[in-house]
Amino acid sequence: MLACSTVLGALTLTTQLHAQSHWTVSFGAAGAREIVQSRVTAQTRLSGSLFSGEAVATRRRFVARLRYGQGHITSDTAARDLVQGEALVGYQARPWLHVWLGPRARTFVAPGLSDRRWLFWTGGVSARGGIFPGRVESFVELWHSFSGSLNRPASPASGSGVELGLEARLADRPWWLRFAYRIDQGRLDDGRRDTVEGVALAVRYVLR
Amino acid sequence: MDAQNAHADRLMRPALLLLAGLCCGTLAVPSLAAGQAASAALTQGVRAYDDLEFEQAAGLLRRALAVQGSGALSAADVSRALIYLVATELLRDRRDSARAIARRLLVSNPRFRPDELVFPPQLLLLYEVVRRATPAVIAEASADTAIRPGSEAVAVRLYASSVHDIAATLVALDGRVVRTLYRGPIGDSLTLRWNGLESAGTSPPPSGAYALTVSSFNREGRVVRIMRMPVEVLPGPTDTLPHPPPPADSVLLPERQPMGPALRVLAPGLLAGVGVAVLPGLVARGEKPSGARFLVGGTVTLVGIAAFVSHRPHRQIPANVAHNRVIRDWRRTDTDVARRNSEQGRGLIGLRTGAPVILTPDGTGP
């Protein structure tokens with residue numbers, strides 16, 4: 001609920017920012033097929049869907065990005081809700097290169113159990129290349145954690161991830177489609193880990 | 001007070017403009033009047049001569065001859081004024097003055113002969129006597145020409161006041177004789193020919209300023225007159241054929257689609273495809289990523305290949321081929337014209353002549 005409020009607040013804020021000049025704001029929504037391989041308490045493999053939204057605000061070389069998503073994953077024997085989000089700030093070091101900093105979090109909610117939440121403070125880079133310049137671009141984003149934690153069992157954690165795919169702009173319209181593959185992993189020093197990968201299809205609208 | 005000043009300014013402005021106009025007119029009128037006055041004085045002098053008003057005719061003719069600068073008489077009118085003045089002085093019984101003026105006329109225009117239908121026989125006789133005693137030569141040549149030294153020659157036509165001996169030489173400005181062209185008698189006229197070579201007869205003189213001098217000798221063999229005509233020797237003309245006009249844009253364009261842009265659009269697709277294969281294994285250690293990633297990676301790679309193919313590297317660009325053909329044709333024609341001009345201009349020298357002047361050395365005469 002808090003996360004929903006945060007995203008709504010962010011959307012309101014970015015809209016207001018766009019009303020001022022020099023800001024470019026975009027909103028997006030995505031649906032993804034997720035596969036989770038968990039080796040924390042027991043070795044399980046779950047899959048399901050995740051729906052998410054994002055807001056991106058850009059002013060000159062600086063970018064702020066908020067993403068929030070939640071979904072449901074199941075296996076033959078277990079079911080969990082999955083909630084994840086990130087709040088990043090970025091800097092456009094080159095026209096094709098961004099550097100990102102900020103927290104990323106993921107929570108697994110299982111009935112009858114307390115939530116298992118991964119929280120990472122991360123740094124990353126993303127690169128873009130025009131395939132059909134201005135129309136179709138490929139992108140890749142890599143991140144790694146500076147520090148992190150897992151709440152159950154309480155332990156310091158580390159994490160890293162990658163997302164790559166394709167973005168295509170609908171002809172002469174401010175709509176972009178994204179087809180992406182994403183995988184990231186949170187792990188403890190003793191080898192226990194959660195790995196989440198997914199293939200997502202997203203749409204993004206850019207306010208101009 | 002301000003209103004009064006303004007009123008005064010309004011009154012003064014037209015007055016100042018009028019004054020400025022009068023000043024300009026005052027400055028311009030005399031020069032116009034002088035030009036008209038010289039020819040008018042000549043006309044009036046001739047009329048006075050015809051009316052046998054010799055005193056008045058002499059005054060008017062001298063006034064006409066005295067005008068200098070832009071308003072001066074033309075060469076033909078000077079000759080006309082002088083011969084009328086000779087006749088006037090002769091009829092005023094001033095024979096010495098008439099002879100001196102006739103000599104002046106001969107020196108300025110050796111070809112001049114008085115009209116036998118206009119002037120009395122005594123003038124014709126006096127002029128003939130003076131002409132025989134006043135050797136002088138004038139030259140005519142084309143102002144600008146080119147010759148091939150040795151095989152071609154430039155012609156200079158000499159006209160003499162009377163039969164006498166002359167020596168014609170081409171000299172450098174420092175007095176060095178470049179070529180002796182003629183030495184001997186001249187009757188009415190003579191054509192000098194110079195083949196463009198120095199005295200040694202092997203090469204043309206270096207480009208530069210020279211002078212054709214024709215010395216007139218009296219019966220004692222003394223130089224009594226020197227006609228000097230500036231001659232400039234120039235490098236041979238090279239551009240006798242006009243070059244074709246260049247096209248508006250003379251920069252060659254690539255005739256085939258370059259490989260670079262195609263590779264630039266292929267690279268992101270290929271790199272993303274490779275990244276999909278490699279990066280998940282590095283990020284998710286200990287796990288085997290699913291094959292779903294190849295769906296995305298394959299899509300990106302295929303789109304990259306499609307972009308590469310759409311650029312059609314090394315495919316011919318017809319518009320640029322046509323553009324380049326025009327430029328190449330122009331360059332070929334231009335080079336051909338330059339080559340032909342060079343061949344035609346090889347060995348040629350240019351010659352430019354100036355207006356001749358006749359000098360009378362001090363202590364010689366008449």
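Letters go in sequence order (proteins before strands), and every chain restarts at 1.
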Problem set entry | Nearest non-hydrogen partners of B/Ala306 and A/Phe132, listed with the distance | C-CZ, 4.1 Å

Problem set entry | A/Ile183, part contacting chain B, at a heavy-atom distance under 4.5 Å | both

For this session: Could you list which of residues 119-130 of chain A have a heavy atom closer than 4.5 Å to any heavy atom of chain B, in residue-number order?
Result: A/Gly129, A/Gly130

Problem set entry | Neighbourhood of chain B inside residues 161-171 of chain A, taking heavy atoms under 4.5 Å as contact | A/Gly161, A/Val162, A/Leu164, A/Gly165, A/Leu166

Problem set entry | Side-chain (B/Glu287) to main-chain (A/Thr195) donor-acceptor, under 3.5 angstrom | no

Exercise. Chain A heavy atoms under 4.5 Å from B/Leu295: which part of the residue, side chain, backbone, both or neither?
Worked result: both

For this session: Give, as side chain, backbone, both or neither, the part of A/Arg193 having an atom under 4.5 angstrom from any heavy atom of chain B.
Result: side chain

Exercise. Listed by residue number, which members of residues 260-269 of chain B have a heavy atom under 4.5 Å from any heavy atom of chain A?
Worked result: B/Arg264, B/Val265, B/Pro268, B/Gly269

Seminar exercise, completed: Checked B/Ser290, B/Ala292, B/Gly297 vs chain A; the most non-hydrogen pairs under 4.5 Å come from B/Ser290

Exercise. Around atom CZ of A/Arg117, are there more than 12 heavy atoms of other residues, nucleotides or ligands at under 6.0 Å?
Worked result: no

For this session: Report, by ascending residue number, the residues of residues 136-150 of chain A in heavy-atom contact with chain B at a distance under 4.5 Å; give 'none' if the set is empty.
Result: A/Val136, A/Ser138, A/Val140, A/Leu142

For this session: Report, as yes or no, whether the 6.0 Å neighbourhood of atom CZ on B/Arg312 holds more than 12 heavy atoms from other residues, nucleotides or ligands.
Result: no

For this session: Sort A/Arg187 into side chain, backbone, both or neither according to what part of it lies under 4.5 angstrom from a heavy atom of chain B.
Result: side chain

For this session: Determine the sole option in B/Thr299, B/Val303, B/Val300 for which the side chain to side chain contact (heavy atoms under 4.5 Å, CB included) test with A/Phe179 is passed.
Result: B/Thr299

Problem set entry | Top contributor to chain A interface from B/Gly273, B/Ala307, B/Gly304 [non-hydrogen pairs under 4.5 Å] | B/Ala307

